[in-house]
Amino acid sequence: MNYLDTLNDQQREAVLHTEGPLLVVAGAGTGKTKTLTHRIIHLIHQGVHPRNILAITFTNKAASEMRERVIAMLGSDDQIPTMSTFHALGVRILREHHALIGMNKYFNILDSQDRMSLIKQAMKIEDIDSKEWEPRKIGGVISRAKAEEKTAETFVVTNNPITSMVKMVWSHYEKLKRAEQSLDFDDLLSETYFLFSNHPEILKQYQTRWQYIHVDEYQDTNTIQYNIVKLLSAEHHNICAVGDGDQNIYSWRGADMKNILHFEKDFPDATVVILDTNYRSTQNILQAAHDVISKNKERIEKKLVTDNTEGAGIVVYEGFSAHQEAAWVADRAQHYIRAGIDPRDIAVLFRTNFQSRILEEAFLQHTIPYQVVGVKFFERKEIKDIMSYLKAAFNRESLSDIKRIINEPKRGLGKVAVAKIFANQADGLPAKSHESYTSFLRILDDIYTHAQEHTPSETVKFVIKRSGCEEYLSKGSEDDHERLENMKELVTYARKYDDCVDPFDHFFEEVALLSDQDSLGANTSDSNTVKLMTIHASKGLEFKYVFVVGLEQGLFPGQRDDAKSVYEEEEERRLCYVAFTRAKDVLHLSYAKLRTIYGQERINEPSEFLNDVSDELVEYSEDSYGSSNGFGKTYYEDDEGEEIETFYLDF
């Protein structure tokens, strides 16, 4: 039982509670992954078979980390529990029962680009102008509707005109997907839910298999994920939900905070354990984060504590312009690096993607190595090309993949020829085009035949050569050579699946899910660079030195929206809490008086979040704009004698 000795009292309570519903409210940096993995190990030590344990999380990175920790503690990977993302779990279940949903075993999983392509095709069928009606907005409405268990048939048109467009497009979109044996990310959940709902005997199989269910990041579950979990846990009621409502920052993609707030209502006999001992940040950082989040009304009350030192004050900087702010961030980062801090220990967090450009300019001028997190390896054109060759070889009905590679590299098949091929009129092609097409089909045949006798890595190597990509790119420019090197990197990546059972199943599945689920792309610790990223992308990470930039009213927090619910309105404050709690040692906060947004320069007030932070925690940067203090607070009385706190600038 010595594995229990490393746990604090609250963690141990959660680990030892094995029967019945359990909610673990785990604040930032309180060791939730450690608690989850130790609970799984404890169940196994208590005699529960690993096969009967399920743990679900949201990213492949988190699932892999959990799996590695469990294997390390067990000392073997012979028999381990199922640890998976929601989407990967859906893929596994749907592949096992593919015939019941009318798909072949190797159904294709559409990435965001291919999904948009099909939505545009569906719009064209109804003669809907994609310039007048944004395809991404139509796709977004469909996605949210699926998360709420709606279908093309049950979707209801409202006063909002876009719902009429969605009603017209949705059924065509579904038919196009079915025609090429494809599912999108939302289908992986909705099809699983409907499979369980319509086939109770199949649901029973999984209820019997997974008798102990763990759900990580429970605050991020949407309606359909919540209902899948409820169905799976209905038989044994052994559900352990781990999460933190203060870190719910995904309402825009359907995450429903009520799922964690109402856990005790859903499971009346639930035990609640609060993990509030933070092992990451200094006392000052935690107090600043609490100052911000405590203003929210819809939350489970807690305050993080730590045995860490008080630490440095919260550094606040005010720049005259966004360029001056970026220069200050780069200068500070350079100072830390020259003092011996690894660049990988520094992160710059911003509210929206457009803010990265000015920061990149400043880092280039200071010759600081940096990485903009979010540029995904698997979204590179050359990587998608190789994967399309593989997927088309296994699934000839995947028209999106065939369309992508039929003339890549060039083989003389223009738009007219491709249109005839897709209309089943290949026999009517000119002789030269017909030969090119049959040659293309032979390539796919050869790839499939090769894959039957070789591993994924060997097959990827074969695809690069047999497709003609290697010959074409090797004769090209420096950029082409780089694309070829990226293709070869895919060979290296594929090696991890070479020893798997059903290796291509795992390879296709994880690559497809990785491209959309793990927004970080490459592991952020792979390169010794300063990380520039959105706050959303930073969730789950930690850095010694963190800069949160652009703390201006109207930018962070964004503009008020009367149509938003209280949960959504409070999300900006939760996002700020997540940003602050990424920092371990030093937290920097900055804003600019002038910033150009959408081509228009505007004057900014400092964010209300800056005003929330207690005065005694703050150290104002001496090189702030305006004076040696530059930024400060003053007090005056209003008409009723109430003391008002405001910011001042010394021009």
Side-chain angles (χ1 to χ4, degrees), residues 91 95 98 103-111 113-114 179-183 377-413 417-418 421-422 426 429 433-476 480 483-515:
V91 172
R95 289 210 197 280
H98 61 91
M103 306 294 284
N104 70 39
K105 186 179 180 183
Y106 295 106
F107 59 77
N108 185 36
I109 303 171
L110 297 173
D111 64 19
Q113 291 179 19
D114 291 335
E180 58 175 70
Q181 291 285 289
S182 295
L183 298 177
F377 178 75
F378 289 98
E379 287 188 356
R380 296 178 185 272
K381 177 186 179 300
E382 60 271 20
I383 301 303
K384 292 184 66 141
D385 288 347
I386 297 302
M387 290 306 303
S388 284
Y389 269 106
L390 270 171
K391 291 189 289 180
F394 277 79
N395 177 13
R396 294 298 177 86
E397 293 173 285
S398 181
L399 301 183
S400 294
D401 287 310
I402 290 174
K403 185 178 181 181
R404 180 179 189 88
I405 56 172
I406 196 168
N407 205 35
E408 190 68 48
K410 303 295 183 188
R411 49 176 63 92
L413 292 170
V418 172
I421 290 167
F422 279 20
L429 290 171
S433 295
H434 192 274
E435 171 54 31
S436 294
Y437 178 54
T438 54
S439 173
F440 170 70
L441 294 179
R442 283 196 297 271
I443 292 172
L444 297 184
D445 287 338
D446 291 348
I447 292 171
Y448 184 76
T449 301
H450 189 276
Q452 303 313 299
E453 302 294 332
H454 296 83
T455 64
S457 66
E458 292 168 334
T459 304
V460 171
K461 195 182 297 184
F462 178 79
V463 171
I464 295 170
K465 185 178 288 291
R466 182 68 180 89
S467 65
C469 290
E470 184 174 55
E471 181 182 2
Y472 175 76
L473 293 173
S474 63
K475 295 176 181 176
D480 289 331
R483 291 187 186 99
L484 184 57
E485 289 304 310
N486 286 334
M487 289 179 176
K488 291 177 180 177
E489 181 62 26
L490 183 61
V491 176
T492 303
Y493 177 84
R495 283 188 188 136
K496 64 188 280 192
Y497 303 96
D498 286 352
D499 297 326
C500 293
V501 179
D502 299 323
F504 284 96
D505 286 9
H506 286 86
F507 181 47
F508 290 149
E509 174 187 319
E510 291 207 19
V511 169
L513 299 179
L514 201 65
S515 67

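One is the number of the first residue; the rest follow in order along the sequence.
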K.L.:
Using 0.5 Å steps for rounding, measure from the CD1 atom of Ile443 to the OG1 atom of Thr438.
P.N.:
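It is 10.0 Å, given to the nearest 0.5 Å.
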
K.L.:
With a 4.0 Å cut-off on N to O distance, would you call Arg442 and Asp446 a salt bridge?
P.N.:
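A salt bridge is absent here (no side-chain N lies under 4.0 Å from a carboxylate O).
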
K.L.:
For a 4.5 angstrom cut-off between non-hydrogen side-chain atoms, does Arg404 reach Lys381?
P.N.:
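With C-beta onward as the side chain, the pair touches.
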
K.L.:
The criterion is side chain to side chain contact (heavy atoms under 4.5 Å, CB included); which residues satisfy it with Asp498, sequence neighbours excluded?
P.N.:
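Partners of Asp498 under the side chain to side chain contact (heavy atoms under 4.5 Å, CB included) test: Thr455, Pro456, Ser457, Arg495.
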
K.L.:
Can you name the nearest heavy-atom pair linking Leu413 to Ser433, along with the distance?
P.N.:
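Nearest heavy atoms, Leu413 then Ser433: CD2-O, 3.4 Å.
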
K.L.:
Do you know which of Val460, Leu490, Asp111, Asp401 makes side chain to side chain contact (heavy atoms under 4.5 Å, CB included) with Met387?
P.N.:
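Testing Met387 for a side chain to side chain contact (heavy atoms under 4.5 Å, CB included) against Val460, Leu490, Asp111, Asp401 leaves exactly one candidate, Leu490.
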
K.L.:
Would you say Glu453 has more than 12 foreign heavy atoms packed within less than 6.0 Å of its CD?
P.N.:
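Count not over threshold, so no.
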
K.L.:
CG/Leu429 to OH/Tyr437 distance, rounded to the nearest 0.5 angstrom?
P.N.:
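Reported to 0.5 Å precision, the distance equals 8.5 Å.
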
K.L.:
Mind checking whether Phe508 and Tyr106 have parallel, tilted or perpendicular rings, split at 30° and 60°?
P.N.:
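Phe508 vs Tyr106 ring planes: perpendicular.
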
K.L.:
May I have the step-by-step check of side chain to side chain contact (heavy atoms under 4.5 Å, CB included) for Lys384 and Gln113, ending in yes or no?
P.N.:
CA-CA 11 Å; Lys384 292 184 66 141; Gln113 291 179 19; 3.4 Å; yes

K.L.:
So do the side chains of Ile464 and Phe462 get within less than 4.5 Å of each other, counting heavy atoms only?
P.N.:
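No - every pair of side-chain heavy atoms lies 4.5 Å or more apart.
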
K.L.:
Within this structure, what is the CD1-NZ distance for the pair Ile386 and Lys461, rounded to the nearest 0.5 Å?
P.N.:
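Going from CD1 on Ile386 over to NZ on Lys461, the span is 13.5 Å.
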
K.L.:
Looking at every heavy atom in both Arg483 and Leu473, which two are closest together, and how far apart are they?
P.N.:
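Looking at all heavy atoms of both residues, the shortest contact is CB-CD1, 4.2 Å.
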
K.L.:
Do side-chain atoms of Asn407 reach the backbone of Lys410 as a donor and acceptor pair under 3.5 angstrom?
P.N.:
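No, the answer is negative, given that no donor and acceptor are paired below the 3.5 Å cut-off.
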
K.L.:
Check step by step if side chain to side chain contact (heavy atoms under 4.5 Å, CB included) holds for Ile405 and Lys391.
P.N.:
CA-CA 11 Å; Ile405 56 172; Lys391 291 189 289 180; over 6 Å; no

K.L.:
Determine the interplanar angle of the Tyr493 and Phe507 rings, folded into 0 to 90°, and report it as parallel if under 30°, tilted if 30 to 60°, perpendicular if over 60°.
P.N.:
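Because their plane-to-plane angle lies in the 30° to 60° range, the rings of Tyr493 and Phe507 count as tilted.
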
K.L.:
Does Glu435 have more than 12 heavy atoms from other residues, nucleotides or ligands lying within 6.0 Å of its CD?
P.N.:
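Buried by this count: over 12 neighbours within 6.0 Å.
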
K.L.:
Enter the distance from Ile402:CD1 to Ile421:CD1 here, rounded to the nearest 0.5 Å.
P.N.:
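Between Ile402 CD1 and Ile421 CD1, I get 9.5 Å after rounding to 0.5 Å.
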
K.L.:
Taking the side chain from Arg411 and the backbone from Ile406, do they hold a donor-acceptor pair closer than 3.5 Å?
P.N.:
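A pair under 3.5 Å: yes.
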
K.L.:
Applying side chain to side chain contact (heavy atoms under 4.5 Å, CB included) to Tyr497 and Glu510, what does each step give before you reach the verdict?
P.N.:
CA-CA 10 Å; Tyr497 303 96; Glu510 291 207 19; 3.1 Å; yes

K.L.:
Between His98 (side chain) and Met103 (backbone), is there a donor-acceptor pair under 3.5 Å?
P.N.:
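Confirmed, His98 side chain pairs with Met103 backbone.
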
K.L.:
Check the pair Ser400, Glu180 against side chain to side chain contact (heavy atoms under 4.5 Å, CB included), reporting the backbone distance first and the verdict last.
P.N.:
CA-CA 8 Å; Ser400 294; Glu180 58 175 70; 2.8 Å; yes

K.L.:
I'd like to know if Asp505 pairs up with Lys105 as an ion pair, taking the criterion as any Lys NZ or Arg NE/NH1/NH2 lying under 4.0 Å from an Asp or Glu carboxylate oxygen.
P.N.:
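A salt bridge links Asp505 with Lys105.
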
K.L.:
Hydrogens and angles aside, do Asn395 and Gln181 bring a side-chain donor and acceptor to less than 3.5 Å of each other?
P.N.:
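There is no such pair between these side chains.
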
K.L.:
Glu489 side chain to Glu485 main-chain N or O, any donor-acceptor pair under 3.5 Å?
P.N.:
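Judged by distance alone, no pair lies under 3.5 Å.
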
K.L.:
Do you know which two heavy atoms are closest between Glu397 and Asn104, and how far apart they sit?
P.N.:
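The answer is OE1-ND2, 4.0 Å.
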
K.L.:
Are Asp445 and Arg396 close enough for a salt bridge, meaning some N to O gap below 4.0 Å?
P.N.:
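Salt bridge between Asp445 and Arg396, a charged N being under 4.0 Å from a carboxylate O: yes.
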
K.L.:
Starting at CG of Leu183, measure out to CG of Leu110 and round the result to the nearest 0.5 Å.
P.N.:
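Rounded to the nearest 0.5 Å, the CG-CG separation comes to 7.5 Å.
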
K.L.:
For the OG atom of Ser467 and the CD atom of Glu408, what is their distance to the nearest 0.5 Å?
P.N.:
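Ser467 OG to Glu408 CD: 9.0 Å, rounded to 0.5 Å.
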
